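Down below is the structure, laid out as structure tokens.
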Amino acid sequence: MKKYNNKKIERHWQKVWAKSDLYAAEDWSEKQRYYCLVEFPYPSGDGLHVGHVRSYTAIDIIARKKRMQGMNVLYPIGWDAFGLPTENYAIKTGKHPAIVTAENIKTFKRQIKSLGISFDWNREINTTDPNYYKWTQWIFLKLFEKGLAYKKKMPINWCPKCKIGLANEEVIDGSCERCGTQTEKREMEQWMLKITAYADRLIEDLETVDYLEKIKTQQINWIGRSYGAEIDFQIQGREERIKVFTTRPDTIFGATFIVLSPEHELVNRIVTTEQEKDVLKYQAQARAKSELERTQLQKEKTGVFTGAYAVNPATHKEIPIYIADYVLTTYGTGAIMAVPAHDERDFEFAKKYEIPIVQVIQPPKIKEHRPLESNIASAGAYGHLQSEIEDQCWSGEGTLVNSSTFNGLDSEIASSMIVAWLEKENIGKKTTQYHLRDWVFSRQHYWGEPIPIVYCEKCGAVPLPEKDLPLELPMVERYEPTDTGESPLASIDYWVKTTCPDCGSPARRETDTMPNWAGSSWYFLRYIDPKNKKQLADSEKLKYWMPVDLYNGGMEHTTLHLLYSRFWNKFLYDINVSPVSEPYYKRISHGMILAPDGQKMSKSRGNVINPDELVEEYGADVLRLYEMFMGPYDQPVAWDLNGVRGIRRFLEKIYSFDNWNENEGREIISLLHKSIKKISDDIEKRHFNTAVSTMMIFVNKIQEKGCSKKSFQIFLQLLSPFAPHLAEELWNSLGNNDSIFREKWPEYDASLIVDEEMEIVVQINGKLRDKLVVSADIDENEVKTMAKESEKARKFLEGKEPKKIIYVKGKLVNIVV
RNA sequence: GCCGCGGUGGUGAAACUGGUAGACACACAGGACUUAAAAUCCUGCGGAUGCAAAUCCGUGCCGGUUCGAUUCCGGCCCGCGGCACCA
């Protein structure tokens with residue numbers, strides 16, 4: 001028996017392929033183009049993860065099949081190499097981040113190459129390469145030019161351990177996403193990108209793309225658009241008005257108080273002398289509370305009366321103004337009209353501070369009414385509907401009551417009528433609010449793209465002219481972050497001190513760098529023309545290749561990278577750089593690979609599976625095939641070494657196959673054609689696990705019955721995207737001189753997959769009782785008769801006359817008695 | 001709390017638009033080969049009863065539709081992921 005020497009085979013073919021142009025994408029080819037993309041890795045010091053192998057292999061299978069189907073496939077790879085872990089590692093070891101990065105890339109590259117993924121290495125990119133980040137900086141300048149990049153003093157999430165400002169997206173439960181330390185608020189001047197200007201388009205254009213439904217919903221929820229109105233409430237005895245945002249203008253008649261966020265700018269002006277002490281104290285408390293306390297300790301509402309009153313424009317009643325930290329400064333106008341009868345939070349607050357609760361919405365179905373005890377007395381001021389106020393508030397829609405001329409209307413109609421009235425009176429207008437905030441784009445770190453701005457004593461913030469790009473990161477010895485929050489770049493005098501590009505006066509460079517999301521927000525465009533020195537990419541080439549047909553990536557990037565890169569592409573589309581308004585036509589996601597113990601793999605748990613060892617011991621093809629077979633591609637699965645051994649056995653079986661039979665029967669040919677159909681379909685649907693099991697069934701069968709050379713070669717073609725080295729080796733050893741990957745993908749013959757004989761199930765009352773083997777062209781009545789007369793069936797019929805006989809062609813006969 | 005996904009053997013899982021539940025693989029058990037082991041090959045493998053033939057039960061739980069439900073409908077239970085004082 002031949003010994004399956006995977007190492008020798010894999011090394012040999014990897015060398016042969018590297019010298020060929022097999023996997024090179026061809027600009028302008030007449031063939032149909034296909035651009036498939038995997039998220040480029042961050043080359044961390046840990047090396048490649050088995051999770052990378054899963055998605056790279058899956059898309060590799062698709063890429064290889066599409067090439068064999070005659071398509072011009074672009075399947076590129078690169079390195080998303082700026083980032084904090086590299087900088088931290090550099091600080092710890094004293095090795096420069098650029099050197100660390102180069103080493104890590106070398107490891108990743110060796111590991112990926114050992115897997116036989118058909119990447120087009122001619123298009124390799126690296127976000128830390130000045131020739132690349134020149135264009136990242138260029139995009140920033142364009143954003144600045146269009147007013148979409150701006151500087152703002154704002155409280156940012158500050159991680160005291162990493163000494164870095166974090167975007168809202170990087171803060172999880174009030175803690176740093178990376179190190180888990182609780183974040184603080186710090187007021188700092190930050191560069192911001194106006195992603196909110198694209199909020200509507202980022203929602204609406206989702207309709208034009210084919211993303212997994214859960215990805216779309218997650219993005220929509222993250223943007224969090226809500227329609228409503230801004231309404232002005234006159235402050236009693238003052239000229240000023242308070243602007244509130246509400247999604248429920250229909251409840252305005254039930255607004256019995258106003259709540260301002262503690263930080264609201266009006267607070268200090270309207271507070272009365274008697275209340276001032278309490279208010280100041282509360283404000284101080286609110287400031288001291290961390291984000292975590294403010295969001296997590298939501299058990300009880302707290303707040304303070306300001307002493308001031310406003311007038312409800314609908315009821316003309318005087319209503320008290322409170323401050324409370326359940327109203328956020330950062331959302332809406334930082335002020336609300338509180339409608340305790342129809343909002344849970346307002347209800348809770350009103351009960352605690354004994355504020356009147358007035359029902360103005362009748363729920364669609366009137367349930368049992370339980371009269372409210374505590375607040376009836378104070379509600380008495382309104383003098384009505386006491387008995388109808390429920391113990392629980394109703395926050396849904398319904399029919400308006402106690403709302404003057406709007407009584408009897410449904411919430412939806414009432415809302416628009418009330419808004420129309422407010423607009424006419426000039427005290428309100430329709431508006432839209434988003435949860436999405438502008439993107440905090442500054443990082444006080446060394447290992448990132450320098451922001452190409454200088455501050456001139458005379459001209460202020462001045463963008464660098466395009467000819468001065470790239471603005472290179474200076475090579476320095478020290479890159480520790482500072483406690484002051486300034487970037488390490490700030491201490492490099494010779495770099496910071498410069499002259500104004502406009503007027504020549506002394507100027508200082510911006511010392512903040514870009515976040516690591518910058519380089520990955522446009523990389524899919526650079527693959528198309530990675531060596532272009534004059535432009536980000538040639539516009540004709542972009543037209544040829546864009547959009548990406550298939551984009552695979554992790555769910556964890558749905559609200560970060562995916563949203564950011566869609567935003568940047570839309571911007572580039574608006575300035576006529578990108579030819580498409582949506583960069584990715586289809587977005588899919590792979591399930592995570594868990595450790596054998598079912599836990600997430602992590603260094604600290606010591607349960608990480610290293611792909612190098614698997615390639616070494618079992619071979620790249622085994623690893624690839626195992627990861628495709630282990631479970632449904634989009635679901636998480638736990639690693640199982642025994643499964644790997646099973647796949648090794650399967651490949652050895654193929655390698656040593658020798659049961660040749662040139663007179664194979666129709667059974668084998670038919671099975672082969674069924675397999676062609678099934679495997680082709682499964683690859684399209686990404687059901688890789690069942691594609692592999694189809695191959696196993698075929699191999700089991702030909703081991704038993706024998707198989708012709710011709711059929712075996714077709715089988716090798718089906719196997720080749722999954723186990724490219726083995727398939728190529730056997731293909732070659734059967735006397736083929738050219739690569740199997742230049743072969744055409746097999747097509748099945750429909751007439752060959754029809755069976756000559758079929759098995760018909762006989763059921764009595766839906767229960768399986770017998771099986772019949774009949775010829776495929778049998779007549780319906782004949783089957784029915786056979787079924788009735790089958791010995792086993794007769795036993796259950798006991799001479800009873802069937803009421804009904806159901807026949808499903810090719811499947812079953814069901815006799816109902 | 002809201003949104004999304006899922007629940008099938010000892011394990012990973014299959015099952016097209018309702019039609020043989022458990023394909024394929026792993027683990028396990030028995031056997032062959034071997035001085036022995038590994039490897040390989042053969043057999044069995046959802047549960048219960050039974051010497052066997054066979055019968056009954058079985059896709060989270062309860063109910064419905066249907067000749068027939070893992071699949072469709074209604075109600076619940078559990079697990080996972082995301083968001084969360086967003087007015």
Side-chain angles (χ1 to χ4, degrees), chain A residues 1 172-173 212-222 224-226 228 244-248 251 255 259 261 294-299 301 324-328 330-339 342-346 348-349 395 433-437 555-556 558-559 591-592 626 629-632 634-647 649-650 652-653 656 678 681 685 687 689-700 703 759-771 792 795 802-817:
Chain A
M1 200 160 73
I172 313 289
D173 285 337
L212 288 177
E213 216 39 56
K214 62 173 169 178
I215 296 177
K216 286 191 184 181
T217 13
Q218 254 188 52
Q219 290 218 343
I220 291 167
N221 291 344
W222 186 263
R225 178 166 64 185
S226 43
V244 305
F245 173 73
T246 180
T247 54
R248 293 295 300 277
T251 62
V259 187
S261 73
R294 250 179 103 153
T295 53
Q296 277 202 334
L297 304 177
Q298 49 181 273
K299 282 164 240 140
K301 299 277 174 289
D325 65 3
Y326 79 91
V327 171
L328 308 172
T330 45
Y331 184 74
T333 59
I336 61 159
M337 64 173 209
V339 185
H342 306 290
D343 182 282
E344 297 278 357
R345 297 149 299 178
D346 299 345
E348 206 185 305
F349 193 84
S395 55
Q433 282 293 332
Y434 305 90
H435 295 189
L436 183 72
R437 316 282 163 75
M555 279 310 289
E556 71 275 19
T558 303
T559 50
M592 208 195 305
Y626 169 66
F629 185 60
M630 67 194 299
D634 52 7
Q635 268 166 236
V637 225
W639 192 266
D640 173 20
L641 192 59
N642 284 318
V644 178
R645 296 195 184 103
I647 293 290
R649 281 199 279 269
F650 173 56
E652 277 170 357
K653 224 189 268 185
S656 55
K678 174 81 174 140
D681 290 349
K685 290 190 244 163
H687 294 173
N689 53 337
T690 49
V692 175
S693 78
T694 303
M695 292 186 237
M696 288 171 168
I697 292 168
F698 181 79
V699 171
N700 289 345
Q703 267 214 322
E759 198 183 59
I760 299 286
V761 166
V762 180
Q763 293 181 339
I764 315 288
N765 289 336
K767 281 210 158 118
L768 171 71
R769 294 303 176 195
D770 200 5
K771 291 174 184 179
K792 285 175 188 161
K795 224 169 72 188
K803 262 193 245 162
K804 198 166 157 193
I805 301 178
I806 291 147
Y807 175 60
V808 182
K809 197 163 185 298
K811 290 256 162 69
L812 58 80
V813 178
N814 188 12
I815 304 171
V816 187
V817 287

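The chains referred to below are lettered A, B, ... by the order of the sequence lines, with proteins before strands, and numbering in each begins at 1. This structure is a prediction, so every number in the text was calculated from the model and none was measured. The basis for the numbers below is simple: all heavy atoms, side chains too, and nothing from hydrogens, waters or symmetry mates.
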Nearest-angstrom distance, C1' atom, B:rU43 to B:rA48: 23 Å
Taken in chain and number order and not counting sequence neighbours, the residues that satisfy side-chain contact (heavy atoms from CB on, under 4.5 Å) with A:Pro632 are A:Asp634, A:Gln635, A:Asn689
Pairwise distance CG(A:Leu212) to OG1(A:Thr217) - rounded to 0.5 angstrom: 9.5 Å
Can you tell me if the side-chain N/O atoms of A:Lys804 get under 4.0 Å from OP1 or OP2 in B:rC67? yes
Against the side chain of A:Ile697, the closest entry in B:rC83, B:rA87, B:rA23 is B:rA23
Search all heavy atoms of A:Thr251 against all heavy atoms of A:Val339 and return the closest pair with its distance. OG1-CG2, 3.4 Å
A:Trp222 side chain reached by A:Thr558 side chain, heavy atoms, under 4.5 Å: no
In whole Å, what separates the C1' atom of B:rU71 from that of B:rG7? 14 Å
Under the rule for side-chain hydrogen bond (donor to acceptor under 3.5 Å, both in side chains), what residues qualify as partners of A:Lys653, not counting sequence neighbours? A:Asn700
Say whether, by atom type as modelled, one donor and one acceptor occur between the side chain of A:Gln218 and the main chain of A:Thr559 under 3.5 angstrom. no
If you measure from OG1 on A:Thr690 to CZ on A:Phe629, what distance do you get to the nearest 0.5 Å? 9.5 Å
Side-chain donor/acceptor contact of A:Lys301 with base of B:rC85 under 3.5 Å: yes
Using O4'-C1'-N9-C4 for purines and O4'-C1'-N1-C2 for pyrimidines, with syn meaning within 90° of 0, is B:rG9 syn or anti? syn
When the nearest nucleotide of RNA chain B is assigned to A:Tyr434 and to A:Glu213 on a heavy-atom basis, which residue is associated with the more 5' position? A:Glu213
Nearest whole angstrom, please: distance from the C1' of B:rG82 to the CG of A:Leu212. 14 Å
Touch check for A:Ser226, heavy atoms < 4.0 angstrom, all strands: base, sugar-phosphate only, or nothing? sugar-phosphate
Excluding sequence neighbours, so at least two apart, what forms ring pair (Phe, Tyr, Trp, His ring centres under 6.0 Å) with A:Phe349? A:Phe257, A:Tyr322, A:Tyr326, A:Tyr353
Tell me the interatomic distance from A:Glu652, atom CD, to B:rU40, atom C1', rounded to whole angstroms. 10 Å
What are the two closest heavy atoms between A:Gly332 and A:Phe245, and how far apart are they? CA-CB, 4.3 Å
When every non-hydrogen atom of A:Asn765 is compared with those of A:Val816, the smallest separation belongs to OD1-CA, 3.4 Å
As a check on the pairing definition, encode RNA chain B in dot-bracket form, counting Watson-Crick and G-U wobble pairs whose two distances are under 3.5 Å, and using | for partners outside this strand. (((((((..(((......[....))).(((((.......))))).((((....))))..(((((..]....))))))))))))....
Closest heavy-atom contact between A:Arg248 and A:Ser395? NH1-O, 3.0 Å
Taking atom C1' in both B:rU34 and B:rC41, what distance in whole Å separates the two? 13 Å
Rounded distance in Å between the C1' positions of B:rC57 and B:rU8: 16 Å
Could you measure between the two P atoms, the one in B:rA29 and the one in B:rC80, and give it in whole Å? 33 Å
Upstream residue (5' side of RNA chain B) when A:Arg248 and A:Thr217 are each assigned their closest nucleotide: A:Thr217
Any side-chain N or O of A:Thr559 less than 4.0 Å from the OP1 or OP2 oxygen of B:rG82? no
Can you check whether A:Asn765 has a side-chain N or O nearer than 4.0 Å to OP1 or OP2 of B:rC67? no
Whole-Å P distance, B:rU65 and B:rA53: 38 Å
Protein-nucleotide distance (A:Glu556, atom CD; B:rC80, atom P), rounded to Å: 19 Å
With a 4.5 Å heavy-atom cut-off, do A:Met696 and A:Ile647 have their side chains touching? yes
Taking B:rA14 as the reference, what is the distance to B:rU70 when you measure between their C1' atoms (whole Å, please)? 11 Å
Find the distance A:Glu344:CD to B:rC2:C1' and express it as a whole number of Å. 12 Å
Rounded to the nearest angstrom, tell me the gap between atom NZ in A:Lys214 and atom C1' in B:rG82. 10 Å
note: A:Ile215, atom CD1; B:rC83, atom P; distance rounded to Å ~ 14 Å
Rounded to whole Å, please give me the gap between CG in A:Asp325 and P in B:rA84. 17 Å
Where is the tightest heavy-atom contact between A:Met555 and A:Ile215, given as atom of each residue plus distance? SD-CG1, 3.8 Å
Does A:Tyr326 have a side-chain nitrogen or oxygen under 4.0 Å from the phosphate oxygens OP1 or OP2 of B:rA87? no
Any A:Tyr626 side-chain heavy atom under 4.5 Å of A:Trp639 side chain: yes
Under 4.0 Å, heavy atoms only, any strand: does A:Gly646 hit a base, just the sugar-phosphate, or nothing? sugar-phosphate
Enumerate all atom pairs, one protein N or O and one N or O from nucleotides 12-21 of chain B, separated by less than 3.5 Å.
residue : atom : partner  : partner atom : Å
B:rG12  : O2'  : A:Met630 : O            : 2.4
B:rA14  : OP1  : A:Asn689 : ND2          : 3.0
B:rC16  : N4   : A:Lys811 : NZ           : 2.9
B:rG19  : N2   : A:Gln763 : OE1          : 3.4
B:rG19  : N2   : A:Asn814 : ND2          : 3.3
B:rU20  : O2   : A:Lys771 : NZ           : 2.9
B:rU20  : N3   : A:Glu759 : OE1          : 3.2
B:rU20  : O4   : A:Glu759 : OE1          : 3.2

Between the protein and nucleotides 54-60 of chain B, are there any N/O to N/O pairs under 3.5 Å, and if so, what are the atom names and distances?
residue : atom : partner  : partner atom : Å
B:rC56  : OP1  : A:Arg769 : NH2          : 3.4
B:rC56  : OP2  : A:Arg769 : NH1          : 3.2
B:rC57  : OP2  : A:Lys767 : NZ           : 3.3

Sticking with atom P, work out how far B:rG30 lies from B:rC67, rounded to a whole angstrom. 50 Å
What is the distance, rounded to the nearest whole Å, between atom CZ of A:Arg649 and atom C1' of B:rC26? 8 Å
